[in-house]
Amino acid sequence: MTDTLETIDDIKAQLEKKIGQRIELVVDKGRKKTRERRGVLKDTYPAIFIIELNDEVEYERLSFSYTDVLTGIVDITFLDEEDDSDHSDNTQEEA
């Protein structure tokens, strides 16, 4: 998430507003290993949030805690916002 969020409550509130949006996750798996995944933010719960992945091979859901985001283990980018900003930039260039 691009905004600097100070508390778990801030992270939870931000994610609750984004339910249903496409996201990209970068998960730090330790020892300089990361994994990138894309999916949709499906739901938030008191201690975790659920991501439904867009893998064509199989249906999969992942859950992460808000602490994972706070400590930097999981980095979230909202793809719908990037698409909107890319589209507005293209519109300005054409004008």
Side-chain angles (χ1 to χ4, degrees):
M1 294 168 48
T2 56
D3 299 334
T4 304
L5 300 174
E6 299 292 326
T7 67
I8 290 174
D9 290 334
D10 292 341
I11 294 166
K12 184 177 180 201
Q14 177 96 10
L15 289 175
E16 285 176 345
K17 292 187 239 176
K18 307 284 187 171
I19 290 175
Q21 288 193 5
R22 294 181 313 126
I23 64 171
E24 180 178 75
L25 298 169
V26 177
V27 182
D28 181 2
K29 300 195 56 105
R31 294 191 178 211
K32 299 181 184 179
K33 295 179 187 174
T34 60
R35 177 123 193 224
E36 291 184 23
R37 305 297 293 264
R38 288 183 182 223
V40 175
L41 178 61
K42 277 309 216 188
D43 212 344
T44 60
Y45 295 96
I48 62 170
F49 58 97
I50 306 293
I51 306 299
E52 188 175 282
L53 299 178
N54 291 342
D55 294 336
E56 286 117 24
V57 177
E58 62 185 72
Y59 171 79
E60 188 177 358
R61 284 186 160 188
L62 298 176
S63 63
F64 297 97
S65 71
Y66 303 109
T67 307
D68 293 336
V69 177
L70 185 65
T71 59
I73 293 171
V74 175
D75 185 33
I76 299 174
T77 303
F78 294 97
L79 298 176
D80 294 339
E81 290 177 355
E82 284 183 359
D83 292 345
D84 291 343
S85 65
D86 289 344
H87 179 68
S88 64
D89 289 344
N90 291 341
T91 305
Q92 291 173 356
E93 289 175 8
E94 292 172 7

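Just so you know, these numbers use all the heavy atoms, side chains as well, and skip hydrogens, waters and symmetry mates. On a predicted model such as this, the values are computed, not experimentally measured, just so you know.
- In this structure, the separation between CG on Asp75 and CD on Glu36 is 10.0 Å, given to the nearest 0.5 Å.
- When hydrophobic clusters are built by joining Ile, Leu, Val, Met, Phe, Trp and Tyr residues whose side-chain heavy atoms come closer than 4.5 Å, directly or via intermediates, Val26 is not grouped with Phe64.
- In the hydrophobic cluster analysis, where Ile, Leu, Val, Met, Phe, Trp and Tyr join through side-chain heavy atoms closer than 4.5 angstrom, Leu62 is grouped together with Leu70.
- With rounding to the nearest 0.5 Å, the separation of OG in Ser63 from CG in Asp43 is 12.0 Å.
- In this structure, CD1 in Ile50 is found 6.5 Å from CZ in Arg61, a value given to the nearest 0.5 Å.
- Hydrophobic clustering places Ile19 together with Phe49 (ILVMFWY residues linked when any side-chain heavy atoms are closer than 4.5 Å, directly or through intermediates).
- At a threshold of 4.5 Å between side-chain heavy atoms, the hydrophobic network of Ile, Leu, Val, Met, Phe, Trp and Tyr places Leu25 and Phe78 in one connected group.
- Partner Asp68 forms a side chain to side chain contact (heavy atoms under 4.5 Å, CB included) with one of Val27, Val74, Ile76 and no other, that one being Val74.
- The distance from the NZ atom of Lys42 to the CD atom of Glu52 is 4.5 Å, given to the nearest 0.5 Å.
- Taking CD of Glu24 as the reference point, atom CZ of Arg38 lies at 4.5 Å (rounded to 0.5 Å).
- A 4.5 Å side-chain heavy-atom check between Arg37 and Ile51 finds every atom pair outside the cut-off.
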Next on the checklist: Apply side chain to side chain contact (heavy atoms under 4.5 Å, CB included) to residues Gln21 and Leu41 and explain how you reach the verdict.
Outcome noted: CA-CA 6 Å; Gln21 288 193 5; Leu41 178 61; 5.7 Å; no

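- The backbone N or O of Ala47 lies less than 3.5 Å from no partner atom in the side chain of Tyr66, so there is not a single donor-acceptor pair.
- Taking every heavy atom of both residues into account, Tyr45 and Lys12 meet most closely at O-CE, 3.6 Å.
- Using a 4.5 Å cut-off between side-chain heavy atoms of Ile, Leu, Val, Met, Phe, Trp and Tyr, with links allowed through other members, Ile48 and Leu15 fall into different hydrophobic clusters.
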